[in-house]
Structure formats: C-alpha cells, structure tokens
Amino acid sequence: MEANRPDTASRILEVSELLFVEHGFEATSLRMITQQAGVNLAAVNYHFGSKDALFESVFMRRFTPLIAACLSELEAVEGRGEGDKIEAVVMTFIRPCLALSRDPSGGGALFVRLLSRALVENHRLLREALSREYSQFVERYTRAFSRALPELPEQELSWRMHFAFSLMFNAFAGNDVLKIFRKSPVVTARDPEAIVRHLLPFVVAGLVQS
C-alpha cells in the first residue's frame, strides 16, 4: 500500500515545504501537494490527518532544532560573560538562522524562508503551538534583553523586541521588497550572508536607541 511506504511521508513533507514557501499556507492546496509528491489524498490523511497537521509537521521538524540551537548559543554567550552585549545576544538568534540556511539537510535557506513567512503570516495553528511549546524561548530572550538593556522599562523593551524579531523574520523571508518599486540589483534579499551583514547593525541600533 502506497501510504505505508517508508519514504512516502518524507516525500510529502519535502514537497509541502517547497509549496508552502512559494505559495503560503492558504494558497497551497492538498491537490497541489499530492500531484507534486506523486501520492494520493489517502496517503496524506494516513500520515498527517489534515492540511493543518501537515503544515505543523513541516514547520516543527525544523523549528524545534533551531530553537534548541538559539538557546544553546544564548547559554554560551552568557557563560562567557557577554550577556550584557546586545550585539552578542542578537547574534544568538541570527547565527543559528544563518547556519540553518547553509544546511540543506536541515531545510537550508528554503526553511528559513518558510519560518519567516509562517511567522509573518501569523498562522493560527502555529501561533497556538508556539505559545504552548516555546514559551521558554520568549522568556529566556526577554531576560537576556533585559540584562543587556537594563535601562529600558518593561513595556518599551517588549515593543523593541517585537519590532526587532519582526524585522529579522521579514529579512530572512527573502522578499525583495525594493523590486516592488524599482529594479534593485544591489540588494539581494535571498543572500543570507548579505542579510546578516546589513541586518545586525540595523537591529542593534533600533534596540539601543535613546
């Protein structure tokens, strides 16, 4: 039976990841997924149960290791006594994203774009799952930013973190926004190395502004 083949679930996940990046969750249909994966709808239902569950599986299989890598980086920075340096704290998030973008086995730049797009689009299912499973990530980074920026009131810090992470997610989404207005050969929004080079000073400046 096709649904029981060991490679079927992996093929569905790989195809779904690509389609979700290119078209977004709403515009990607199960028909598109089954056609490109070469499976029938029964196979998708057998392995995942629903489109929502499939999307969550695509997302979480990459996101969970990324979160662990960020927290590990943060612990290392704090262990070296650099937790009061805002650039070092910001890089504990950016560096794992950059490493992931270079690792095809972990999804590579494709998943970094999916991660950014999914969080920017604020998908209900992911919002609920993230609130449930990854509150530790938010709490740890809130404490880290509080130590690095002790002069900021709690509400102001929350706003700056909101804008900083929104900016970073949007930057890694690979959207060439300038091309909406004009051709911009100088800006290559899908080059992770270039993104980091220009993103870090911009984010830090926004966080530490007086």
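Predicted model, so just to flag it, every value in this text is computed and none were measured.
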### Message
What verdict does the salt bridge (Lys or Arg N to Asp or Glu O under 4.0 Å) test give for Glu56 and Arg62, after you've listed the backbone C-alpha separation in whole Å, the side-chain angles of each residue and the deciding distance to 0.1 Å?
### Response
CA-CA 10 Å; Glu56 184 174 358; Arg62 311 288 200 198; over 6 Å; no
Where [X] and [Y] come nearest, the two heavy atoms and their spacing:
{"X": "Ala27", "Y": "His23", "result": "CB-O, 3.2 Å"}
{"X": "Tyr141", "Y": "Val89", "result": "CE2-O, 4.0 Å"}
{"X": "Leu74", "Y": "Ala144", "result": "CD1-CB, 3.8 Å"}

field: Ring centre gap for Phe165 and Phe93 strictly below 6.0 Å
entry: yes
So does [Y] get a backbone contact from the side chain of [X], meaning a donor-acceptor N/O pair under 3.5 Å?
{"X": "Arg160", "Y": "Leu207", "result": "yes"}
{"X": "Ser72", "Y": "Ala68", "result": "no"}
{"X": "Thr64", "Y": "Arg61", "result": "no"}

Find the distance between [atom1] ([X]) and [atom2] ([Y]) and round it off to the nearest 0.5 Å.
{"X": "Arg11", "Y": "Ile33", "atom1": "CZ", "atom2": "CD1", "answer": "13.0 Å"}
{"X": "Ser57", "Y": "His47", "atom1": "OG", "atom2": "NE2", "answer": "11.5 Å"}
{"X": "Cys70", "Y": "Arg140", "atom1": "SG", "atom2": "CZ", "answer": "11.5 Å"}
{"X": "Glu78", "Y": "Thr92", "atom1": "CD", "atom2": "OG1", "answer": "8.0 Å"}
{"X": "Leu157", "Y": "Glu151", "atom1": "CG", "atom2": "CD", "answer": "9.5 Å"}
{"X": "Met91", "Y": "Glu73", "atom1": "CE", "atom2": "CD", "answer": "8.0 Å"}

Quiz item: Can you name the side-chain contact (heavy atoms from CB on, under 4.5 Å) partners of Leu18, sequence neighbours left out?
Solution: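 Only Glu22, Leu110 meet the side-chain contact (heavy atoms from CB on, under 4.5 Å) criterion with Leu18.
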Within a strict 4.5 Å, meaning less than it, do heavy atoms of the [X] and [Y] side chains meet?
{"X": "Leu114", "Y": "Phe63", "value": "no"}
{"X": "Ser16", "Y": "Thr28", "value": "no"}
{"X": "Thr8", "Y": "Tyr46", "value": "no"}
{"X": "Phe163", "Y": "Val203", "value": "no"}
{"X": "Phe55", "Y": "Lys51", "value": "no"}
{"X": "Leu167", "Y": "Leu199", "value": "yes"}
{"X": "Thr34", "Y": "Val44", "value": "yes"}
{"X": "Leu13", "Y": "Leu54", "value": "yes"}

Kindly work out whether a path of hydrophobic side-chain contacts (I/L/V/M/F/W/Y, heavy atoms less than 4.5 Å apart) joins [X] to [Y].
{"X": "Val77", "Y": "Phe137", "value": "no"}
{"X": "Phe20", "Y": "Val15", "value": "yes"}
{"X": "Val208", "Y": "Trp159", "value": "no"}

Contacts satisfying salt bridge (charged side-chain N to carboxylate O under 4.0 Å, His left out) that involve residues 82-91 (not counting sequence neighbours) are Arg80-Glu82
> For Glu154, does the CD atom sit with more than 12 other heavy atoms under 6.0 Å from it, leaving out its own atoms?
Replying inline: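 Not more than 12 within 6.0 Å, no.
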